[in-house]
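I have placed the structure first, in the form of structure tokens, so that the comments after it can refer back to it.
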Amino acid sequence: MIRIREIDHLVLRISDLDAMLQFYVDVLGCSMERQLDSIGLVQLRAGSSLIDLVPINPQPDGEHHVGPNHPARNLDHFCVRVDPFDETVIRKHLEDFGINAGSLESRYGAEGVGPSIYINDPEGTVVELKGPPDKLTDHAR
């Protein structure tokens with residue numbers, strides 16, 4: 001049997017590295033983990049996970065990555081657990097960067113039902129900012 005503990009990493013196909021780095025590093029607080037210039041890969045540390053950024057342009061070996069609007073795009077959104085989760089502080093921080101945040105909703109996640117806010121990165125990927133589970137969360141919801 002395979003038992004998954006957590007998400008190790010996810011890979012985003014991107015077209016504007018500078019904008020994506022500003023968003024994930026400056027706005028969300030990720031840090032640079034490593035770069036592989038030979039393939040254009042940039043890996044960012046996001047807590048105990050990684051977010052990989054891969055360019056959509058042709059690779060040195062002639063292989064092409066598809067763009068964000070290509071029908072092969074297969075990521076609806078991803079969720080990062082924010083701790084501490086203070087809606088006022090989060091909204092102010094996002095506002096300082098000109099990022100529009102969705103409404104605060106109660107959504108189910110790995111730890112149960114709790115507060116979450118949806119935002120978009122510069123290339124339109126939906127990022128869910130998730131808070132702690134409600135004290136009386138119903139894990140079956």
Side-chain angles (χ1 to χ4, degrees), residues 1-135 137-141:
M1 173 182 276
I2 296 173
R3 295 177 193 259
I4 296 174
R5 185 186 68 189
E6 62 194 355
I7 294 174
D8 182 84
H9 73 278
L10 59 94
V11 180
L12 299 176
R13 296 181 299 257
I14 65 161
S15 59
D16 186 338
L17 179 61
D18 291 337
M20 296 296 272
L21 285 174
Q22 181 193 24
F23 180 81
Y24 287 100
V25 174
D26 297 341
V27 177
L28 294 185
C30 295
S31 60
M32 183 72 72
E33 180 85 5
R34 70 183 189 131
Q35 280 185 259
L36 294 176
D37 292 331
S38 61
I39 60 171
L41 171 71
V42 174
Q43 292 183 304
L44 304 175
R45 173 65 53 187
S48 62
S49 302
L50 293 175
I51 297 173
D52 294 357
L53 305 176
V54 178
I56 60 171
N57 53 347
Q59 298 303 297
D61 61 6
E63 189 174 322
H64 291 261
H65 292 281
V66 297
N69 295 319
H70 187 280
R73 185 175 185 178
N74 56 7
L75 178 69
D76 177 70
H77 78 278
F78 68 92
C79 177
V80 292
R81 174 66 160 75
V82 177
D83 185 28
F85 189 92
D86 181 324
E87 181 185 9
T88 304
V89 171
I90 291 169
R91 286 191 182 282
K92 171 69 172 109
H93 178 73
L94 295 172
E95 184 180 292
D96 289 347
F97 283 92
I99 296 169
N100 295 320
S103 61
L104 181 71
E105 302 287 338
S106 184
R107 296 184 176 98
Y108 188 78
E111 298 176 312
V113 176
S116 84
I117 298 171
Y118 284 161
I119 59 174
N120 291 86
D121 75 14
E123 297 196 5
T125 304
V126 177
V127 179
E128 180 179 356
L129 305 178
K130 186 87 170 69
D134 297 335
K135 292 190 186 320
T137 190
D138 176 2
H139 290 279
R141 273 204 273 191

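These numbers come from a predicted model, not from an experiment.
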Classify the ring geometry of Tyr24 against Phe78: parallel below 30°, tilted from 30° to 60°, perpendicular beyond 60°. parallel
Any sub-3.5 Å donor-acceptor pair from Asp37's side-chain atoms to Gly40's backbone N or O? no
Looking only at atom types and distance, does a side-chain atom of Ser116 sit under 3.5 Å from a main-chain N or O of Glu128, one as donor and one as acceptor? no
Distance in Å, Tyr108 OH paired with Asp134 CG, rounded so as to fall on 0.5 Å steps: 12.0 Å
Return the CD1 to CG distance between Ile51 and Leu12, rounded to the nearest 0.5 Å. 6.5 Å
How long is the span from the CD1 atom in Ile90 to the CD1 atom in Ile99, to the nearest 0.5 Å? 12.5 Å
From Ile117 atom CD1 to Phe85 atom CZ, the distance as rounded to the nearest 0.5 Å: 4.0 Å
Write down the atom of Ala19, the atom of Pro122, and the distance for their closest heavy-atom approach. O-CG, 3.4 Å
If every non-hydrogen atom of His93 is compared with every non-hydrogen atom of Val27, which pair is closest and at what distance? NE2-O, 2.7 Å
So which heavy atom on Lys130 is nearest to which on Gly112, and how close? NZ-O, 3.5 Å
Could you report the tightest heavy-atom contact between Arg107 and Ser103, atom names first, then the distance? NH1-O, 4.5 Å
When rounded to the nearest 0.5 angstrom, what is the spacing between CE in Met32 and CZ in Arg45? 13.0 Å
Pairwise side-chain contact, Arg13 with Leu75, heavy-atom cut-off 4.5 Å (strictly under): no
Would you say that Thr125 contacts Ile14 through its side chain, given a criterion of any heavy-atom pair below 4.5 Å between the two side chains? no
Side chains of Ser15 and Glu123: any donor to acceptor distance under 3.5 Å? yes
Atom CD1 in Ile7, atom SG in Cys79: separation rounded to 0.5 Å? 8.0 Å
Are Asn100 and Asn120 side-chain neighbours, meaning at least one heavy-atom pair lies under 4.5 Å? no
All heavy atoms of Pro133 vs all of Arg81, minimum pair found to be CD-NH2, 4.2 Å
Indicate yes or no: at least one non-hydrogen side-chain atom of Ile119 is less than 4.5 angstrom from one of Phe97. no
Please examine the side chains of Pro115 and Glu87, heavy atoms only from C-beta on, and report whether any two atoms are closer than 4.5 Å. no
Derivation of the side-chain contact (heavy atoms from CB on, under 4.5 Å) call for Val11 and Leu41: CA-CA 10 Å; Val11 180; Leu41 171 71; 5.7 Å; no
